[in-house]
Amino acid sequence: QVQLEESGGGSVQAGGSLRLSCTASGENYLYYSRSMAWFRQAPGKEREGVASIDSLRRTTYAESVKGRFTISQDNARNTLYLQMNSLKPGDTAVYYCAADSGIGLPLSFVRDWRYWGQGTQVTVSS
């Protein structure tokens with residue numbers, strides 16, 4: 001299994017930047033986190049995929065964040081990052097880190113991702 005812990009959320013003005021981090025731990029975490037991703041959930045809305053990365057370093061992004069957000073991992077693949085630039089008020093949400101042993105699990109398959117962090121709040125003011 002894998003345990004996930006997010007950090008780096010906060011409040012920022014529109015146009016600003018934030019970097020989120022997610023630390024993975026646990027026995028065999030490399031196997032159980034062969035795909036990792038960031039999701040977000042705004043008040044009153046469903047959880048949606050933001051970006052994903054797999055063990056081959058392939059990345060996918062939601063259309064709404066392409067060109068503004070970058071997902072990455074450290075070499076040991078135990079820390080996941082989300083660099084968020086040019087933030088907009090519409091990016092305000094609780095951001096969750098997720099992991100799964102499947103490779104290439106689509107962001108749209110929200111409920112299929114097995115492991116989740118507790119979430120970190122990102123607030124963007126206009």
Side-chain angles (χ1 to χ4, degrees):
Q1 295 190 353
V2 60
Q3 291 79 47
L4 304 172
E5 183 173 1
E6 304 98 336
S7 62
S11 297
V12 65
Q13 289 191 327
S17 298
L18 282 174
R19 188 174 82 156
L20 305 182
S21 299
C22 171
T23 301
S25 62
E27 189 174 355
N28 296 324
Y29 78 89
L30 285 175
Y31 172 80
Y32 290 108
S33 60
R34 290 192 296 180
S35 289
M36 295 193 75
W38 290 98
F39 290 80
R40 67 186 181 186
Q41 188 166 16
K45 294 188 176 181
E46 294 187 354
R47 192 168 297 187
E48 64 175 1
V50 175
S52 68
I53 187 168
D54 67 18
S55 55
L56 299 177
R57 307 281 185 181
R58 296 175 298 189
T59 59
T60 62
Y61 293 92
E63 286 295 326
S64 60
V65 306
K66 278 184 179 179
R68 300 188 298 123
F69 291 9
T70 302
I71 190 171
S72 62
Q73 283 180 304
D74 67 346
N75 288 338
R77 285 185 50 228
N78 75 332
T79 304
L80 179 73
Y81 302 101
L82 184 68
Q83 178 67 44
M84 306 185 292
N85 299 327
S86 302
L87 282 161
K88 305 174 181 180
D91 296 318
T92 296
V94 176
Y95 283 71
Y96 297 90
C97 174
D100 196 88
S101 58
I103 296 177
L105 188 61
L107 284 171
S108 58
F109 291 12
V110 176
R111 297 185 179 184
D112 288 352
W113 288 77
R114 183 169 182 180
Y115 302 102
W116 293 86
Q118 293 300 307
T120 185
Q121 176 70 46
V122 171
T123 303
V124 184
S125 59
S126 58

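Atoms considered below: every heavy atom in the structure, side chains included; atoms not considered: hydrogens, waters and symmetry mates. Model, not experiment: these values are computed from the prediction.
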Please find the pair of heavy atoms, one from Pro89 and one from Ser125, that lie closest to each other, and give the distance. CG-C, 4.5 Å
Here the pair of heavy atoms bringing Pro106 nearest to Trp113 is O-NE1, 3.2 Å
Does [Y] offer a backbone N or O that forms a donor-acceptor pair with the side chain of [X] under 3.5 Å?
| X | Y | answer |
| --- | --- | --- |
| Asn28 | Tyr32 | no |
| Arg77 | Leu30 | yes |
| Thr120 | Gly9 | yes |
| Glu6 | Gln118 | yes |
| Thr23 | Thr79 | no |
| Asp54 | Ile103 | no |
| Ser86 | Gly15 | no |
| Trp38 | Tyr81 | yes |

Cluster question for you: counting only ILVMFWY and a side-chain heavy-atom cut-off of under 4.5 Å, with indirect links fine, are [X] and [Y] together?
| X | Y | answer |
| --- | --- | --- |
| Val50 | Tyr115 | yes |
| Leu105 | Val2 | no |
| Tyr61 | Leu87 | yes |
| Met36 | Tyr96 | no |
| Val65 | Leu82 | yes |

Going by salt bridge (charged side-chain N to carboxylate O under 4.0 Å, His left out), name the pairs with one or both residues in residues 33-43, residues two or more places apart or in two chains. Arg40-Glu48, Arg40-Asp91
Between atom [atom1] of [X] and atom [atom2] of [Y], what is the distance when rounded to the nearest 0.5 Å?
| X | Y | atom1 | atom2 | result |
| --- | --- | --- | --- | --- |
| Ser17 | Gln83 | OG | CD | 5.5 Å |
| Asp112 | Leu107 | CG | CG | 12.0 Å |
| Phe69 | Met84 | CZ | CE | 5.5 Å |
| Cys22 | Asn78 | SG | CG | 10.0 Å |
| Leu4 | Ser33 | CG | OG | 7.5 Å |
| Lys66 | Arg68 | NZ | CZ | 13.0 Å |

Leu80 versus Ile53: any side-chain heavy-atom pair under 4.5 Å? yes
May I have the step-by-step check of side chain to side chain contact (heavy atoms under 4.5 Å, CB included) for Val122 and Thr92, ending in yes or no? CA-CA 5 Å; Val122 171; Thr92 296; 5.9 Å; no
Compute both the distance and the angle, then confirm whether Arg47 meets the cation-pi test with Trp116: under 6.0 Å from the six-membered ring centre, within 45 degrees of the axis. yes
Is there a donor-acceptor contact under 3.5 Å linking the side chains of Ser52 and Thr60? yes
Residues, nucleotides or ligands: over 12 heavy atoms within 6.0 Å of Gln121 CD: yes
Step through the shown structure and confirm whether more than 12 heavy atoms of other residues, nucleotides or ligands are within 6.0 Å of CD on Gln13. no
